[in-house]
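These notes concern the structure reproduced below.
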Amino acid sequence: MSDWVMLSAEKSRDAVRRLGASLDPGGRLLVARDADDLRSMVASAEAGELGVIVGPVEDGVSDINLAAAVAKDGNARVVVLAGERTSGSLRSRAARAGVDLVVDLAELGEGPGAGDEPPLCDGGRTAGAAVPPQGPPTDARGGATPAPEATPVGVVDAPVLVFCSGRGGVGKTSLAAVSACVAARWGMRTCLVDLDLSCGNAYAALGLPGGSDLAALSSPEGVTPELVGRLCRAAAQGVSLAGPCERPETAELAMPHVRALLDLLSREYDLVVVDTSTTFTDAVAQAAQRADRLVLVTDGRTPSVASLARMGGLAVRLGVARTRIVRVENRADPRERASHALARAEVGLEAARAYRVVEGGREVVELLAAGRACELAEPGLAFTDSLSAALAQMLAELGRLPEGEEPRRASEGTAPRGLRSLFGQRREAR
Ligand SMILES: Nc1ncnc2c1ncn2[C@@H]1O[C@H](COP(=O)(O)OP(=O)(O)OP(=O)(O)O)[C@@H](O)[C@H]1O
Ligand SMILES: [Mg+2]
């Protein structure tokens, strides 16, 4: 359960209350008297203790300015702006000002069922959203069912999945690149962002000779849709790539603009997948804070509880809600039982979902080295199916699983296994 404080004009108060209930069904919602009262309540609370919902306000400061001020004060866990007929430019302004979520109250509806808690999508950034702690929930027949956090209503920001690790060489780039290809195969326009700004090589997994230069984000024109459009390079059908930096020494130029870049991309694409560096740079921190799912990758062959604990702890201190953190044990031996239940407890990530991606062997290494990540997106390989299952379940939790047989089967873990042999695939690919 978490605490929220709201401010709204009398006439919209009920709608804002319903919004609060849908954002955090178990949360407690306090009502501020006025803008000053709201800001002082947030300022006097512990950092990250209060979530804020600013509804339409009638006098004094405008609602967007108030939400921006609260976001700038920096003490709120999450800042939500609830408006009436919110325009695209208002959403852009709000995103630039650090407001986490803009919701159109008109789109929540006043029709039948409006008195219930309406489903609401926040792009997965709901603090304290009720996410079951472990394993997919089951339906009445005992089958796995996706557990959407919300259904898209009026908010269209694409989910942002950020792959991180406290150690090098565990498979961040491989999993991010193949996930982007799998999502594209499911019909999602996907952008893979390489935030390993100095040494990134995501372009190589996608078979490109190079990436795009994110140092350009520091250009005087600012982070505009046009600039970001130029920085997105077509890599494969449905997959674009942005980043890293052309020259390692210019990485710092890009860093301050990462949040703005991700915000823009999440409005342009259906899914944003972020690869990061092993070092927790400012760029990685911004991505972690912006992540709808922060995916902590470990190498299942040599799991390191220490590096997982370091990353998990750092993410939580940065304000990433534990419910947004998931763990992927990569290169797992499918014949061995998962070891992550224990590690989760040791590193304080009990609530984090854990997935396994199985060891794909020499052929997966070779296909990735040859820039053929998208060939690994086709179901039928244990590596691909385990990765697709993790991706599908993350998207399902966020209410963003695309329709279609493949994503559905992936989310249920019922992809036809073992039908495709790597050797057969290699022959086909030649
Ligand atoms: N599940 C897997 N099965 C087989 N090989 C894998 C798997 N995951 C990753 N690899 C291989 O492991 C190596 C390291 O992977 P990758 O470059 O993706 O790691 P990384 O975490 O991005 O490394 P860095 O920290 O250097 O950026 C690569 O050769 C890749 O092909
Ligand atoms: Mg890498």
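Numbering of ligands and ligand atoms starts at 1, following listing order. For the numbers below, each heavy atom of this structure counts, side chains included, while hydrogens, waters and symmetry mates do not. Keep in mind the model is a prediction, meaning the values are calculated, not measured.
- Applying the 4.0 Å criterion to heavy atoms of Gly360 picks out, from ligand 1, the atoms 1 (N), 2 (C), 3 (N), 4 (C).
- The proximity of Thr278 to ligand 1, defined as any non-hydrogen pair under 4.0 Å, is limited to the side chain.
- In this structure, Cys374 and Cys181 have their SG atoms less than 2.5 Å from one another.
- What you find for Ser386 and Arg356 is that their closest heavy atoms are CB-O, 3.4 Å.
- Heavy-atom contacts from other residues, nucleotides or ligands closer than 6.0 Å to CD of Glu252 number 12 or fewer.
- Of the N or O atoms in Val357, none lie within a sub-3.5 Å distance of an N or O in ligand 1.
- Distances from ligand 1 to the non-hydrogen atoms of Leu175 include no value under 4.0 Å.
- The closest protein non-hydrogen atom to atom 19 (O) of ligand 1 is Gly171 N, 2.9 Å.
- With distances taken over non-hydrogen atoms, the option nearest atom 13 (C) of ligand 1 out of Arg331, Arg362, Glu329 is Arg331.
- The environment of Arg408 atom CZ is dense: over 12 non-hydrogen atoms of other residues, nucleotides or ligands sit within 6.0 angstrom.
- Between Asp299 and Arg167 there is no salt bridge, since none of the side-chain N atoms of the basic residue sits less than 4.0 Å from a carboxylate O of the acidic one.
- If you number the atoms of ligand 1 from 1 as listed, the ones under 4.0 Å from a heavy atom of Glu359 come out as 3 (N), 4 (C).
- Contacts of Thr173 with ligand 1, taken as heavy-atom pairs under 4.0 Å, involve both backbone and side chain.
- Ranking protein heavy atoms by distance to atom 29 (O) of ligand 1, first place goes to Val365 CG1, 3.8 Å.
- Sorted by first then second residue, the salt bridge (charged side-chain N to carboxylate O under 4.0 Å, His left out) pairs that include residues 227-248, not counting sequence neighbours, are Glu221-Arg230, Arg247-Glu249.
- Protein N/O/S atoms nearer than 2.8 Å to the Mg ion (ligand 2) total 1.
- At a 4.0 Å heavy-atom cut-off, ligand 1 touches Val358 through the backbone alone.
- Of the charged side-chain nitrogens involved, none lies within less than 4.0 Å of a carboxylate oxygen, so that Arg267 and Asp263 do not count as a salt-bridged pair.
- Scanning the protein heavy atoms around atom 8 (N) of ligand 1, the nearest turns out to be Asn330 ND2, 2.9 Å.
- Heavy-atom proximity to Gly168, at under 4.0 Å, picks out these atoms of ligand 1: 25 (O).
- Between Ser386, Cys164, Gly169, it is Gly169 that holds the heavy atom closest to atom 24 (P) of ligand 1.
- Looking only at protein heavy atoms, the nearest one to atom 18 (O) of ligand 1 is Ser174 OG, 2.5 Å.
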